[in-house]
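For this chain, numbers begin at 1 and follow the sequence in order. Since we're looking at a predicted model, the values are computed, not measured.
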Amino acid sequence: PSNILSFRYPMMVTYADRSDDEVYAMVKAMDELYSHYSKVSFAAQFWELKYSATPPCEAAFHPASVKYFKEKGVWSEESQKWQDARLARQAAVIEAWDEALDSYNKMREDERAKGNKIKSGEGWKEWWAKVRKDKGLD
């Protein structure tokens, strides 16, 4: 097996701190200009708003995207439930990551006090996997 990152097509990814105006303008442009690129490839058909604004996908939608989807009538109650659950999971993963990092560093500190030096990152993958499993995030 290979560990790779992949995304459902279509999907644009941005940082959550991007301005609402910027994200809204991009989503709107992709929608309004759809007819200009809809036939450039087989996959381009899936950029039509009725497909691209539909969960599930790998990440929660930016709030400005949701605003546009609502205005266009393609955002449903089910979409919002999915979005809320995805945002809650994201918050749980962030909290678990912070806790795991703190506990991992504390373990290294305790081991160092005993004369055992654990290199930074050594055993982290297993540590994080255990924290995720313990918190039900797998």
Practice prompt. Output the distance between atom CD (Glu22) and atom OG1 (Thr14), rounded to the nearest 0.5 Å.
Written response: 6.5 Å
Practice prompt. Can you measure from NE2 (His62) to CD (Gln83) and round to the nearest 0.5 angstrom?
Written response: 10.5 Å
Worksheet entry | Hydrophobic cluster identity match, Val66 and Leu87, side-chain contacts under 4.5 Å | no
Worksheet entry | hydrophobic_cluster_shared for Tyr15 and Met12, side chain cutoff 4.5 Å | no
Less than 4.5 Å apart, side chain to side chain, heavy atoms only: is that true for [X] and [Y]?
{"X": "Phe69", "Y": "Thr54", "value": "no"}
{"X": "Gln80", "Y": "Glu77", "value": "no"}
{"X": "Lys72", "Y": "Leu49", "value": "yes"}
{"X": "Ser120", "Y": "Arg108", "value": "yes"}
{"X": "Lys106", "Y": "Asp102", "value": "no"}

Worksheet entry | Modelled atom types, side-chain donor and acceptor of Ser76 and Ser79, under 3.5 Å | yes
Worksheet item: Do Glu109 and Asn105 have a side chain donor and acceptor closer than 3.5 Å?
Response: no
Looking only at non-hydrogen atoms, find the nearest pair between [X] and [Y] and report the distance.
{"X": "Tyr51", "Y": "Phe46", "result": "CB-O, 3.5 Å"}
{"X": "Ser52", "Y": "Phe61", "result": "O-CE2, 3.8 Å"}
{"X": "Ser35", "Y": "Ser38", "result": "O-OG, 3.7 Å"}
{"X": "Ser103", "Y": "Ala100", "result": "OG-O, 3.1 Å"}
{"X": "Ala96", "Y": "Lys135", "result": "CB-CD, 3.6 Å"}
{"X": "Ala60", "Y": "Gln90", "result": "CB-OE1, 4.4 Å"}

Worksheet item: Residues two or more places apart in sequence or in another chain: which of them pass side-chain hydrogen bond (donor to acceptor under 3.5 Å, both in side chains) with Arg132?
Response: Asp138
Practice prompt. With sequence neighbours left out, write down each residue that passes side-chain hydrogen bond (donor to acceptor under 3.5 Å, both in side chains) with Asn116, or none if nothing qualifies.
Written response: Glu111
Worksheet entry | Under 3.5 Å donor-acceptor, Glu95 side chain and Ala92 backbone | no
Worksheet item: Are any side-chain N or O atoms of Tyr24 and backbone N or O atoms of Pro63, one a donor and one an acceptor, separated by less than 3.5 Å?
Response: no
Worksheet item: Other than Trp97, what residues sit in its cluster of Ile, Leu, Val, Met, Phe, Trp and Tyr side chains whose heavy atoms are under 4.5 Å apart, directly or through others?
Response: Val93, Leu101, Tyr104, Met107, Ile118, Trp124, Trp127, Trp128, Val131, Leu137
Worksheet item: Mind checking whether Tyr68 and Trp75 have ring centres under 6.0 Å apart?
Response: no
Worksheet item: Salt bridge between Lys130 and Asp134, side-chain N to carboxylate O under 4.0 Å?
Response: yes
Worksheet item: Would you find more than 12 non-hydrogen atoms of other residues, nucleotides or ligands less than 6.0 Å from Glu32 atom CD?
Response: yes
Worksheet item: What do you reckon, is CE of Met26 surrounded by more than 12 foreign heavy atoms closer than 6.0 Å?
Response: no
